[in-house]
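Below is one structure, written out as structure tokens; comments come after it.
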Amino acid sequence: MPERDMSRIERDMSRIERDMSRISARRAAEAARGLARRGRDRFEVRAPRIASRRAMRYAVSMHFAPWLGLAAICFFVACSGERDDPPDGRGGAASDTMMAASGGAGGGSPAGVGGGGAGGSGCDPELARANKALVGQALDELLVDKDVTAVDRYWADPYLRHHPGAPSDLAAFRTLMSYEVASLGFGYERLRTLAECDLVVVHGRYSDAGVIFDMYRVKDDKIVEHWDSNTAEASDAAGPTEIEDEALTAQNSALALSFIDAVLVDGEHARVSEFLDASYVEHRYATATGPAALIEYVERDYLTYHKVHHVVADGNFVFTLSEVSRGGGAYGIYDLFRVDDGAIVEHWDSRRIVPASTDSELPIF
């Protein structure tokens, strides 16, 4: 080998030795975990190519073998600790917060249904009633009485917000409310309130934004998390408002979820009459009547349901927040079903486009 090449190799070896001495075990582990969080499959495909390119670049001489071996050992030992854990497609602090806040909220979930408030979860009914009363009182004082100090009495940090344009910050929420409720034209009407475990859903009408579904999570008698549907996207809100048949909560929740699975997820539209009563009322625009009205709406809007993320059942009402495709776009659909005598008799809904990002870095679900 020419002396010039040998000199270059020696310089490269010296540089590699200096670089490796500066790499701490902590930084190597963090780098490896960063790769692992991007997806195990992606790592397994890219790692051999990276190693191959580096081998071709530096393996001019067998003198490099010890350094390459040491680097490989360092890299794969660091990764092995990460691989013992299940991969998380989202990764990061926001994902961990969501797992604790949403996945653990509201008790168990039926098969195939996302975390949060699943029907028949076995939670203490008195807890749900207390949370329902607390959220109702909080909204009445803040939005009806226009008392901004209610934020300090009923809300607490960290206040997680799933609205695309809202940061997870209680001070920012307080400031927003101080301007919002002070408006002379502002008004609010709470139409329906249902609760299960630590989740409370309110179907209400804002004078400036129309009908909206708000879902809150309560912890230690404080409101700590919020989801909501979009403005001007709701069906009409007419119809019964009173909670009845509390003893049938689990049964009614199971019925609604079975309907979503069979008809809306699997697309078995011919089975709709198994779940919907002949007197079914669809509050989204429809010219048909009975169960056919629901199918008309689903087919006209090209709706395909993929996953139910949250379920809140309370007596004869069942609320779900689902991930849906609508005409090729990704949406969150907020459905409210009323059940009577073992059949779904009424349906309200609203929706929100799934944004590319949110101010809080939390998903809308």
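FYI, the numbering just counts along the sequence from 1.
With a 4.5 Å cut-off on side-chain heavy atoms, Gln137 and Tyr154 count as touching. Between Phe319 and His203, the closest side-chain pair of non-hydrogen atoms is not below 4.5 Å. Annotation: side chain of Ile295 is in contact with side chain of Val263 (closest heavy-atom distance under 4.5 Å). The closest side-chain heavy-atom distance from Val181 to Leu143 is below 4.5 Å. Two residues are said to be in side-chain contact when any heavy atoms from C-beta on lie closer than 4.5 Å; Val354 and Phe365 meet this criterion. Using a 4.5 Å heavy-atom cutoff, the side chains of Glu196 and His310 are not in contact. Annotation: side chain of Glu225 is not in contact with side chain of Tyr159 (no heavy-atom distance under 4.5 Å). Between Ile353 and Asn230, every side-chain heavy-atom pair lies at or beyond the 4.5 Å cut-off.
A donor-acceptor pair under 3.5 Å links the side-chain atoms of His162 to the main chain of Pro363, judged by distance alone. Within the 3.5 Å criterion, the main-chain N or O of Tyr334 finds no donor-acceptor partner in the side chain of Ser350. Side-chain atoms of Ser253 do not come within 3.5 Å of backbone N or O of Thr249 as any donor-acceptor pair. No side-chain donor-acceptor contact under 3.5 Å links Asn316 to the backbone of Asp340. One N or O on the side chain of Ser168 and one on the backbone of Arg161 form a donor-acceptor pair closer than 3.5 Å. When atom types are taken as modelled, the side chain of Arg352 and the backbone of Thr231 share no donor-acceptor pair closer than 3.5 angstrom. Remark: side-chain polar atoms of Asp301 are not paired, donor with acceptor, to backbone N or O of Leu303 under 3.5 angstrom. Not one N or O on the side chain of Asp145 forms a donor-acceptor pair closer than 3.5 Å with the backbone of Asp147. Proximity of a side-chain donor or acceptor of Ser360 to a complementary backbone N or O of Pro167 within less than 3.5 Å is not detected. A distance-only check finds no donor-acceptor pair linking the side chain of Glu268 to the backbone of Ala270 [under 3.5 Å].
The CD1 atom of Ile364 sits 9.5 Å away from atom CG of Asp228, with the distance rounded to the nearest 0.5 Å. Here the CG-CG distance, from Asp335 to Leu321, works out to 9.0 Å after rounding to the nearest 0.5 Å. Note that CG of Asp198 and SG of Cys123 are 7.0 Å apart. Values are rounded to the nearest 0.5 Å.
When only modelled atom types and interatomic distance are considered, Tyr331 and Arg351 share no side-chain donor-acceptor pair under 3.5 Å. At a cut-off of 3.5 Å, with distance as the only test, no side-chain donor of Glu189 or Tyr206 sits close to an acceptor on the other residue. Side-chain polar atoms of His306 and Glu323 form no donor-acceptor pair below 3.5 angstrom.
Between Gly315 and Asn252 the shortest heavy-atom distance is O-ND2, 2.9 Å. Closest approach of Thr358 and Leu362 over heavy atoms only: OG1-O, 2.8 Å. Heavy atoms only, all atoms of each residue included: Asp349 and Phe213 are closest at C-CE1, 3.8 Å. Across every non-hydrogen atom of Gly239 and Glu346, the tightest pair is CA-OE2, 3.8 Å. Nearest heavy atom pair, residue Ala237 against residue Val211, reads CB-CG2, 4.0 Å. Residues Asp157 and Asp169 approach most closely at OD1-C, 4.4 Å, considering heavy atoms.
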_Chi angles and distances behind the salt bridge (Lys or Arg N to Asp or Glu O under 4.0 Å) call for Asp314, Lys132_ = CA-CA 10 Å; Asp314 192 349; Lys132 184 195 302 187; 2.8 Å; yes
*Verdict with reasoning, Ser178 to Arg174, per side-chain hydrogen bond (donor to acceptor under 3.5 Å, both in side chains)*: CA-CA 6 Å; Ser178 66; Arg174 186 187 298 106; over 6 Å; no
*Starting from the C-alpha separation in whole Å, work towards a yes-or-no answer on side-chain contact (heavy atoms from CB on, under 4.5 Å) for Ile223 and Arg217.*
CA-CA 6 Å; Ile223 298 170; Arg217 185 169 67 89; over 6 Å; no
_salt bridge (Lys or Arg N to Asp or Glu O under 4.0 Å) assessment of Arg284 paired with Glu233_ = CA-CA 10 Å; Arg284 180 67 68 173; Glu233 288 286 354; 5.3 Å; no
_Apply side-chain contact (heavy atoms from CB on, under 4.5 Å) to residues Ile344 and Leu255 and explain how you reach the verdict._
CA-CA 8 Å; Ile344 297 171; Leu255 172 70; 4.0 Å; yes
*Taking it one step at a time, do His347 and Leu336 satisfy side-chain contact (heavy atoms from CB on, under 4.5 Å)?*
CA-CA 6 Å; His347 171 245; Leu336 181 62; 5.9 Å; no
*Derivation and outcome, salt bridge (Lys or Arg N to Asp or Glu O under 4.0 Å), residues Arg190 and Asp140*: CA-CA 8 Å; Arg190 186 159 54 91; Asp140 287 349; 2.9 Å; yes
*Can Val345 and Val281 be said to form a side-chain contact (heavy atoms from CB on, under 4.5 Å), step by step?*
CA-CA 6 Å; Val345 296; Val281 176; over 6 Å; no
*Please step through salt bridge (Lys or Arg N to Asp or Glu O under 4.0 Å) for the pair Arg153 and Glu141, ending with a clear verdict.*
CA-CA 10 Å; Arg153 290 191 294 275; Glu141 292 184 20; 2.8 Å; yes
*Determine, step by step, whether Thr287 and Glu296 satisfy the side-chain hydrogen bond (donor to acceptor under 3.5 Å, both in side chains) criterion, reporting the C-alpha distance in whole Å, the side-chain angles of both residues, the deciding distance to 0.1 Å, and the verdict.*
CA-CA 8 Å; Thr287 58; Glu296 177 189 338; 3.0 Å; yes
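Follow the hydrophobic side-chain contacts under 4.5 Å out from Leu176 and you reach Phe186 in the same cluster. One hydrophobic cluster holds both Leu276 and Val339 under the rule that ILVMFWY side chains link at heavy-atom gaps under 4.5 Å. Under the 4.5 Å side-chain heavy-atom criterion for ILVMFWY residues, no single connected hydrophobic cluster contains both Ile212 and Leu199. Hydrophobic clustering (side-chain heavy atoms under 4.5 Å, transitive across Ile, Leu, Val, Met, Phe, Trp, Tyr) groups Leu142 together with Val144. Linking ILVMFWY side-chain heavy atoms closer than 4.5 Å, directly or via other members, places Leu170 and Leu134 in a single hydrophobic cluster.
Residue Tyr285 places its OH atom among more than 12 non-hydrogen atoms of other residues, nucleotides or ligands, all under 6.0 Å distant. Within a 6.0 Å radius of CG in Asp152, more than 12 heavy atoms belonging to other residues, nucleotides or ligands are found. Taking a 6.0 Å sphere around CG of Asp221, one finds it holds 12 or fewer heavy atoms contributed by other residues, nucleotides or ligands. A 6.0 Å sphere centred on CG of Asp341 holds no more than 12 heavy atoms belonging to other residues, nucleotides or ligands.
Within the cation-pi definition used here (under 6.0 Å to the ring centroid, within 45° of the axis), Arg338 does not qualify as a partner of Trp348.
Relative orientation of the Trp155 and Tyr216 rings is perpendicular, given thresholds of 30° and 60° on the angle between their planes.
Ring centers of Trp227 and His163: at least 6.0 Å apart, outside the cut-off. Taking the six-membered ring where the residue is Trp, the centroids of Phe317 and Phe337 are separated by 6.0 Å or more.
Just one residue in the list Val318, Ile243, Val200 forms a side-chain contact (heavy atoms from CB on, under 4.5 Å) with Leu194, and that residue is Ile243.
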